[in-house]
Number of protein chains: 2
Amino acid sequence: MTYEQAFRALADPTRRQVLEALQKGPKSVGAIAAGLPVSRPAVSQHLKVLKEAGMVDDKAEGTRRVYYVDPRGLAALRTWLDQFWDQALAEFQRQIEEENQKQKRSDP
Amino acid sequence: MTYEQAFRALADPTRRQVLEALQKGPKSVGAIAAGLPVSRPAVSQHLKVLKEAGMVDDKAEGTRRVYYVDPRGLAALRTWLDQFWDQALAEFQRQIEEENQKQKRSDP
DNA sequence: GCTTACGGTAAGCAATGACTTACGAACAAG
DNA sequence: CTTGTTCGTAAGTCATTGCTTACCGTAAGC
């Protein structure tokens with residue numbers, strides 16, 4: 001939901017692998033774990049973190065739980081990043097202007 | 001440089017505060033630490049991580065070191081995020097199509 | 001030269017976190 | 001009703017990490 005949780009969620013390499021696995025389509029917990037070098041409970045714990053970050057959601061399907069990517073968490077990240085990016089560029093521009101001013105004063 | 005380091009760098013709240021402090025303009029290490037609830041060495045260590053992630057750079061200025069935001073690290077993050085975002089939306093769309101197909105088949 | 005300001009690094013510590021195995025709950029199948 | 005899958009959670013372990021204090025190098029000012 002918040003970008004804080006999103007950053008924390010994506011900081012772990014295994015968690016990114018889980019997300020990338022789900023990106024190719026919905027998968028059960030066991031199916032995800034089968035493609036990763038960690039145990040199934042580990043995947044379960046990662047999915048919990050990802051879900052709290054709003055990056056995945058799940059639906060029950062018999063005794064299995066099918067997880068899929070939820071764009072909401074990604075959207076939060078994009079918002080934060082875009083804002084920060086714009087401000088960074090603006091500040092960058094301002095610094096250049098400042099340099100030019102100094103140059104003018106010390107020039108002729 | 002890589003998005004891996006960028007994610008790890010931004011995962012820590014204090015590190016984000018450091019970055020946000022620099023966003024308003026270049027600052028010395030001491031100046032940054034003065035606005036944060038942690039010690040100056042802690043800030044130094046955070047700046048090291050941010051620099052390795054390509055998100056800040058510094059220039060010597062007498063005995064002081066002035067840090068400023070480097071857009072390169074942010075760019076790496078944006079690239080990763082945009083790609084992931086596009087693929088997520090595509091997969092989302094595909095799932096909806098799939099649902100429609102099922103609906104058709106079970107309908108009269 | 002001597003002192004003072006500034007910042008990076010080392011060492012140590014407490015907290016967080018990613019993983020494992022073990023167990024229990026829920027649904028399906030026979 | 002019993003058995004077998006599938007999954008979440010608890011408990012414990014080991015590594016990582018963010019922080020502190022202490023120390024050292026370096027540039028500027030007297």
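Naming convention: chains lettered A, B, ... in sequence-line order (proteins, then strands); numbering from 1 in each chain.
- With values rounded to the nearest 0.5 angstrom, B/D12 atom CG is found 11.5 Å from B/L19 atom CG.
- Phosphate proximity of C/dG8 to B/Y67: present, with a side-chain N or O under 4.0 Å from OP1 or OP2.
- As rounded to whole Å, 12 Å separates atom P of C/dA18 from atom CG of A/L10.
- The CD-C1' distance, from B/E61 to D/dT26, rounds to 16 Å in whole Å.
- Between A/R15 and A/L10 there is no side-chain heavy-atom pair separated by less than 4.5 Å.
- Candidate nucleotides D/dC7, C/dG7, D/dC19 were compared by shortest atom distance to the side chain of B/H46, and D/dC19 ranks first.
- Closest approach to the B/Q45 side chain among C/dA10, C/dG8, D/dG8 is made by C/dA10 (side chain taken as heavy atoms from C-beta onward).
- Protein atom CG of A/D12 is 13 Å distant from nucleotide atom C1' of D/dA15, rounded to whole Å.
- Geometrically, A/K27 does not engage A/Y67 in a cation-pi contact, judged by NZ or CZ lying under 6.0 Å from the ring centre and within 45° of the ring axis.
- Both B/D58 and A/V49 lie near DNA chain C, and the one whose nearest nucleotide falls closer to the 5' end is B/D58.
- The phosphate of C/dC19 has OP1 or OP2 within less than 4.0 Å of a side-chain N or O from A/T14.
- Between B/T63 and B/P37, the one whose closest nucleotide on DNA chain D sits nearer the 5' end is B/P37.
- Considering only side-chain atoms of B/P41, the nucleotide from D/dA22, C/dT20, D/dC7 that sits closest is D/dA22.
- Here D/dG18 presents its C1' atom at 14 Å from CZ of B/R16, a figure rounded to the nearest Å.
- For B/R65 against C/dG7, a side-chain-to-base donor-acceptor contact under 3.5 Å is absent.
- Between A/R8 and C/dG17, a side-chain N or O to OP1/OP2 separation shorter than 4.0 Å is present.
- Looking at A/Q23 and B/E91, their side chains never bring a donor and an acceptor atom within 3.5 Å of each other.
- Counting to the nearest Å, the P atom of D/dG8 and the CZ atom of A/R40 are 7 Å from each other.
- The distance between atom CD1 of B/I32 and atom P of C/dG8, rounded to the nearest whole Å, is 9 Å.
- Put simply, B/R15 has a side-chain N or O that comes within less than 4.0 Å of OP1 or OP2 on D/dG18.
- Following rounding to the nearest Å, A/K48 (NZ) and D/dT9 (C1') show an atom-to-atom distance of 8 Å.
- Side-chain N/O atoms of B/S44 include none lying less than 4.0 angstrom from OP1 or OP2 on C/dT9.
- Spacing between atom CD of B/E52 and atom C1' of C/dT9 amounts to 13 Å, rounded to whole angstrom units.
- In this structure, B/S39 reaches the D/dT20 phosphate: one of its side-chain N or O atoms is under 4.0 Å from OP1 or OP2.
- Distance check, rounded to the nearest 0.5 Å: CG of B/L77 to CG of A/L77 gives 8.0 Å.
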